[in-house]
Amino acid sequence: MDNKISLTQLKELVTEAHEQFKGNTDGANADYIPYLANINKDLFAISICLMDGEVINIGDTNYAFGIESVSKVHTAILALRQYGADKLLELIGADATGLPFNSIMAILLESDHPSTPLVNSGAISACSMIMPIGDSDAKWKAIVDNIAELCGSETPLIGELYKSESATNFNNKSIAWLLKNYNRIYDDPDLALDLYTRQCSLGVTSEQLAITAATIANDGYNPVSKKQVFKASLSPKITSLISTVGFYEHSGDWLYSSGIPAKSGVGGGVLGVLPGQFGIAAFAPPLDGAGNSVKAQLAIKYIMNKLNLNVFGGNRIIIED
Ligand code: GLN
């Protein structure tokens with residue numbers, strides 16, 4: 001069923017979602033990365049990017065926060081661009097873990113592969129795959145160039161976050177070397193880990209994440225920069241990965257209650273992809289126990305429910321003015 005709505009009404013709905021949840025004080029900033037613990041917990045932004053490139057921005061949408069695990073989506077896309085869908089499945093996998101994002105247990109349980117590029121193990125493995133193998137500078141350039149293409153603009157490194165995270169990423173070091181033990185790291189483990197840590201430390205706005213989400217929803221064509229960033233056939237692949245594991249051990253509950261495949265990061269960002277319709281992003285630092293932003297989840301769910309949209313349903317929105 002078509003659900004007709006004007007751009008003005010959609011803006012009002014996003015404003016309403018922002019008003020509704022801005023006073024919510026549930027959750028807590030990530031504190032295992034010292035930089036994140038000190039971010040203003042009241043920051044709150046919601047952005048939607050439509051298929052024609054129109055962007056709706058409400059709240060602190062100019063604030064650049066740590067992209068963290070949302071960057072796993074971007075680099076999974078780069079690995080897909082460089083290797084294709086079959087090779088990614090073979091070298092990393094596409095299974096949900098049902099376990100926390102930094103789980104070592106998940107690697108032990110599925111020792112034949114890291115399982116998905118959207119948890120820490122698979123994301124470090126994806127960084128190791130990025131070509132050219134062995135050349136840290138060129139790999140980094142490929143990673144940031146790809147992120148900029150998806151976001152439609154550059155995402156500068158937050159130096160303090162990179163320092164903070166590099167000084168405390170002992171669990172991720174163990175993951176990188178455990179993957180080496182299982183022959184699931186395809187470059188030097190420390191080099192791959194450093195690239196992963198650096199990509200997590202890029203600063204991004206909710207608008208940039210909404211543009212990334214819209215590019216995925218729009219078959220790889222960035223509706224703002226008007227560039228085909230990746231092949232259309234890769235879009236369902238990345239959206240399926242986001243669906244199965246985007247919220248880690250809460251992915252099923254999330255998809256069931258929100259109806260939109262979405263990926264979170266401990267910086268407080270979330271991006272959601274509604275294929276063929278829009279990309280949505282929200283940002284608010286306080287997280288639930290699985291590391292997913294509380295207010296971002298509330299806002300996105302609210303908007304999806306009000307619009308009566310669901311990736312598993314037949315409803316579509318038609319924007320008319
Ligand atoms: N850089 C963070 C980590 O590896 C990202 C985790 C996340 O956002 N869920 O722990």
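The first residue in the sequence is number 1, and the count goes up from there.
Between the Gln82 side chain and the Leu78 main chain, no donor and acceptor come within less than 3.5 Å of each other. For the pair Asn218 (side chain) and Gly220 (backbone), a donor-acceptor distance under 3.5 Å is absent. Listed for the Asp288 side chain is a donor-acceptor partner under 3.5 Å among the backbone atoms of Gly291. Remark: side-chain polar atoms of Tyr186 are paired, donor with acceptor, to backbone N or O of Leu91 under 3.5 angstrom. With hydrogens and angles disregarded, a donor-acceptor distance shorter than 3.5 Å links the side chain of Asn171 to the backbone of Asn102. Checking side-chain atoms of Arg316 against main-chain N and O of Gln277 turns up no donor-acceptor pair under 3.5 Å. At least one donor-acceptor pair closer than 3.5 Å links the side chain of Lys226 to the backbone N or O of Pro223. Of the possible polar contacts, none joining the Glu165 side chain to the Tyr162 backbone as a donor-acceptor pair under 3.5 Å is found.
Taking the charged nitrogens against the carboxylate oxygens, Lys139 and Asp187 do have a contact shorter than 4.0 Å, which makes a salt bridge. A salt bridge links Arg81 to Glu149: one of the charged nitrogens lies within less than 4.0 Å of a carboxylate oxygen. Here Lys141 pairs with Asp145 in a salt bridge; the nearest charged N to carboxylate O distance falls below 4.0 Å. Using a 4.0 Å cut-off between a side-chain N of Lys or Arg and a carboxylate O of Asp or Glu, Arg198 and Asp194 qualify as a salt bridge.
Side-chain N/O atoms of Tyr83 and Glu90 include no donor and acceptor closer than 3.5 Å. In this structure, a donor-acceptor pair under 3.5 Å is absent between the side chains of Asn40 and Tyr63. A donor-acceptor pair shorter than 3.5 Å cannot be found between the side chains of Asn310 and Tyr256. With no hydrogens or angles considered, a side-chain donor-acceptor pair links Asn120 and Asn172 at under 3.5 Å. When only modelled atom types and interatomic distance are considered, Gln199 and Thr75 share a side-chain donor-acceptor pair under 3.5 Å. If you check the side chains of Tyr248 and Lys263, you find a donor sitting under 3.5 Å from an acceptor. When only modelled atom types and interatomic distance are considered, Ser47 and Asn57 share a side-chain donor-acceptor pair under 3.5 Å.
Looking at every heavy atom in both residues, Thr239 comes nearest to Pro275 through CG2-CG, 4.2 Å. Among all heavy-atom pairs drawn from Ser206 and Thr61, the shortest one is OG-CG2, 3.3 Å. Smallest separation of non-hydrogen atoms from Thr197 and Ser166: CG2-OG, 3.7 Å. Closest heavy-atom contact between Gly267 and Glu68: N-CG, 3.5 Å. Scanning both residues, Leu193 and Ala176, for their nearest heavy atoms gives CB-CB, 4.3 Å. Gly203 and Thr155 get closest at one heavy-atom pair: O-CB, 3.3 Å.
Residue Leu271 is not grouped with residue Phe278 when hydrophobic side chains (ILVMFWY) are merged at heavy-atom distances under 4.5 angstrom, including chains of intermediate members. Hydrophobic clustering (ILVMFWY, side-chain heavy atoms < 4.5 Å, transitive): Leu309 and Ile46 are in one cluster. Using a 4.5 Å cut-off between side-chain heavy atoms of Ile, Leu, Val, Met, Phe, Trp and Tyr, with links allowed through other members, Met51 and Ile48 fall into different hydrophobic clusters. By the rule that hydrophobic residues join a cluster once side-chain heavy atoms approach within less than 4.5 Å of another member, Val245 and Leu99 end up as members of separate clusters. Connection of Phe283 to Phe247 is not established within any shared hydrophobic cluster, with ILVMFWY side chains joined at heavy-atom distances below 4.5 Å, either directly or through further cluster members.
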Inset, instruction - Given side chain to side chain donor-acceptor pair (under 3.5 Å), test Asn222 with Gln228 step by step and report yes or no. - result: CA-CA 6 Å; Asn222 184 321; Gln228 187 72 39; over 6 Å; no
Inset, instruction - Evaluate the side-chain contact (heavy atoms from CB on, under 4.5 Å) criterion for residues Ile280 and Met304: first the C-alpha distance (whole Å), next the side-chain angles of each, then the deciding distance (0.1 Å), finally the verdict. - result: CA-CA 10 Å; Ile280 185 167; Met304 288 298 293; 5.8 Å; no
Inset, instruction - Could you go through the side-chain contact (heavy atoms from CB on, under 4.5 Å) check for Ile216 and Ile242 one step at a time? - result: CA-CA 11 Å; Ile216 299 169; Ile242 294 172; 4.3 Å; yes
Inset, instruction - Carefully, step by step, assess Leu234 and Ile77 under the rule side-chain contact (heavy atoms from CB on, under 4.5 Å). - result: CA-CA 8 Å; Leu234 298 177; Ile77 291 172; 5.9 Å; no
Inset, instruction - Determine, stepwise, if the pair Thr97 / Ser103 fulfils side-chain contact (heavy atoms from CB on, under 4.5 Å). - result: CA-CA 9 Å; Thr97 61; Ser103 176; 6.0 Å; no
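One distance of note links CG of Leu307 with CG of Asn315; it measures 10.0 Å at 0.5 Å rounding. Here Gln208 contributes atom CD and Leu150 contributes atom CG; the two are 11.0 Å apart, rounded to the nearest 0.5 Å. A distance of 12.0 Å separates NZ of Lys163 from CG of Leu157, quoted to the nearest 0.5 Å. For the atom pair Leu80 CG and Lys231 NZ, the distance stands at 10.0 Å (nearest 0.5 Å). Interatomic distance, CG of Leu7 versus CD1 of Ile319, reported as 6.5 Å (0.5 Å rounding).
Here the options are Leu118, Ile92, Val73, the test is side chain to side chain contact (heavy atoms under 4.5 Å, CB included), and the partner is Leu241; only Leu118 passes. Each of Ser251, Ser264, Ser69 was evaluated against Asn292; a single residue qualifies, Ser264, per the side chain to side chain donor-acceptor pair (under 3.5 Å) test.
In this structure, Pro285 and Leu43 have side chains that are in contact, with non-hydrogen atoms separated by less than 4.5 Å. The side-chain heavy atoms of Val204 and Phe65, taken from C-beta on, include a pair separated by under 4.5 Å. For the pair Pro132/Asp135, a side-chain contact is recorded, criterion being any heavy-atom separation below 4.5 Å from C-beta on. In this structure the side chain of Ile318 never reaches within 4.5 angstrom of the side chain of Asn3, judged on heavy atoms. Under the 4.5 Å side-chain criterion, counting only non-hydrogen atoms from C-beta, Thr215 is not in contact with Tyr221. Looking at Ile211 and Cys151, their side chains never come closer than 4.5 Å, going by heavy atoms from C-beta outward. Counting heavy atoms from C-beta outward, Leu298 and Asn24 have side chains that approach closer than 4.5 Å. Annotation: side chain of His74 is in contact with side chain of Ile67 (closest heavy-atom distance under 4.5 Å).
A 6.0 Å sphere centred on CG of Asn62 holds no more than 12 heavy atoms belonging to other residues, nucleotides or ligands. Applying the 6.0 Å contact sphere to NZ of Lys4 captures no more than 12 heavy atoms from other residues, nucleotides or ligands. Within 6.0 Å of the CG atom in Asp2, the count of heavy atoms belonging to other residues, nucleotides or ligands exceeds 12. At most 12 non-hydrogen atoms from other residues, nucleotides or ligands lie less than 6.0 angstrom from NZ of Lys237. Within a 6.0 Å radius of CD in Glu160, other residues, nucleotides and ligands contribute 12 heavy atoms or fewer. Open room surrounds CD on Glu154; 12 or fewer heavy atoms of other groups in view lie less than 6.0 Å from it.
Ring geometry, Tyr302 versus Phe21: the interplanar angle exceeds 60°, so the pair is classed perpendicular (tilted spans 30 to 60°).
In this structure, Lys22 forms no cation-pi arrangement with Phe44, as its terminal cationic atom is not both closer than 6.0 Å to the ring centre and no more than 45° off the ring axis.
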